[in-house]
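Below is one structure; the comments refer to it alone.
Keep in mind that what you see is a predicted model, and the values were worked out from it rather than measured. Hydrogens, waters and symmetry mates play no part in the numbers below; they use all other heavy atoms, side chains included. One-based numbering along the sequence shown.
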Amino acid sequence: LHDDWLRLYATINVKGMHLVLGVNLKLVQMEFNKDMQLIVFEQISNTEIIEARYPSIWMKMAVKCAVFFYHNFLHSDPLGPILQKFNVIEVKDDLLHLDLNRWLGKNRSIIDTLAKVHVNHAVLREAELVIIGNVNLTALFRKMSEEPVEDWDIDDDLAETKVSPVKQK
C-alpha cells in the first residue's frame, strides 16, 4: 500500500506456466455492509510480468506476443480479462470490481460485525488502509434486545444497589 494507490501481485498457474504479475491500482470505491462487500479499483499502470516459468519456448513467445498485442494495438491491459476469466473480478467500464462477498459472506461473525457498522470512507495511506465508518445503532440495539439480560456483562461493583458518583469539572 502507498499513498492513494496499491501494488497488486497476482500469481497464475495455468497450462504448465507459472506467472507472477504486478500492477498498480487506485482505490475508486468501497462498499462494505451486511449485503455487499465490494472494492472497485482503477488500473493506473500496465501489467508487468515479474517472474515467469514456461513449459516451452513457444508458450513464452505466445505470452510475450499477447501482452505486446494488448498494450500496443488494443491500448488496454490483459490483467482485467485474465482475472475475469478465472472468476476473481468483474470488469465494468475499465474498472476492476472485486466482490469479497463470495468469501466473506460465508463467515457469520464478519456479516454480524458489518451489520453493526456503516463504512463511509476509506483512504489509502503508506502501508495501511484506513476505513472510516459510523456505528449502526439500530442494528446494535436490535442485537442487544435479542440477548437476555443475564448474558450482559455487568460488573459487581456497578450493581443496581450502588450509585456511582458523578464528578464535575
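In this structure, the separation between CD on E90 and CG on L38 is 9.0 Å, given to the nearest 0.5 Å. Summarising the geometry, atom CZ belonging to R7 is positioned 5.0 Å from atom CD1 belonging to I50; distances are rounded to the nearest 0.5 Å.
Considering only residues two or more places apart in sequence or on other chains, Q29 meets the side chain to side chain donor-acceptor pair (under 3.5 Å) condition with none of them. Take L95 and apply the side-chain contact (heavy atoms from CB on, under 4.5 Å) test, not counting sequence neighbours, and it matches V28, V40, E42, H97. Applying the side chain to side chain donor-acceptor pair (under 3.5 Å) test to D77 and every residue at least two apart in sequence or in another chain returns Q43, T47, H71. Considering only residues two or more places apart in sequence or on other chains, A52 meets the side-chain contact (heavy atoms from CB on, under 4.5 Å) condition with L19, I49, Y54. The side-chain contact (heavy atoms from CB on, under 4.5 Å) check on N87 picks up R102, with sequence neighbours excluded. Residues satisfying the salt bridge (charged side-chain N to carboxylate O under 4.0 Å, His left out) test with K64, not counting sequence neighbours, are none.
Both F41 and F86 are assigned to one and the same hydrophobic cluster, defined by single-linkage of ILVMFWY side chains at heavy-atom distances under 4.5 Å. Both I12 and V67 belong to a single network of hydrophobic side chains, linked directly or stepwise wherever heavy atoms of I, L, V, M, F, W or Y lie under 4.5 Å apart. Under the 4.5 Å side-chain heavy-atom criterion for ILVMFWY residues, no single connected hydrophobic cluster contains both V20 and V14.
Looking only at side-chain heavy atoms (C-beta outward), I89 and V91 come within less than 4.5 Å of each other. Put simply, the side chain of L27 reaches to within 4.5 Å of the side chain of I39, judged on heavy atoms.
In the hydrophobic clustering, where aliphatic and aromatic side chains (Ile, Leu, Val, Met, Phe, Trp, Tyr) are joined below 4.5 Å either directly or transitively, I57 groups with W58, M61. Residue L74 shares its hydrophobic cluster (ILVMFWY side chains chained together at separations under 4.5 Å) with F68, F69, Y70, F73.
Under a cut-off of 6.0 angstrom, the local environment of CG in N72 is crowded, with over 12 non-hydrogen atoms contributed by other residues, nucleotides or ligands.
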Set out, in order, the CA-CA distance, both residues' side-chain angles and the distance that settles side chain to side chain contact (heavy atoms under 4.5 Å, CB included) for V63 and M17, then state yes or no. CA-CA 10 Å; V63 169; M17 294 184 294; 3.6 Å; yes
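Pairing each heavy atom of G16 with each of P55, the nearest pair is O-CD, 3.5 Å. L96 and L25 make their closest contact through CD1-CD2, 3.7 Å (heavy atoms, listed as atom of the first residue, atom of the second, distance). Pairing each heavy atom of L98 with each of V88, the nearest pair is CD1-O, 3.6 Å.
Screening residues 11-23 for side chain to side chain donor-acceptor pair (under 3.5 Å) gives N13-H18, H18-R53 as the qualifying pairs, with residues at least two apart or on separate chains.
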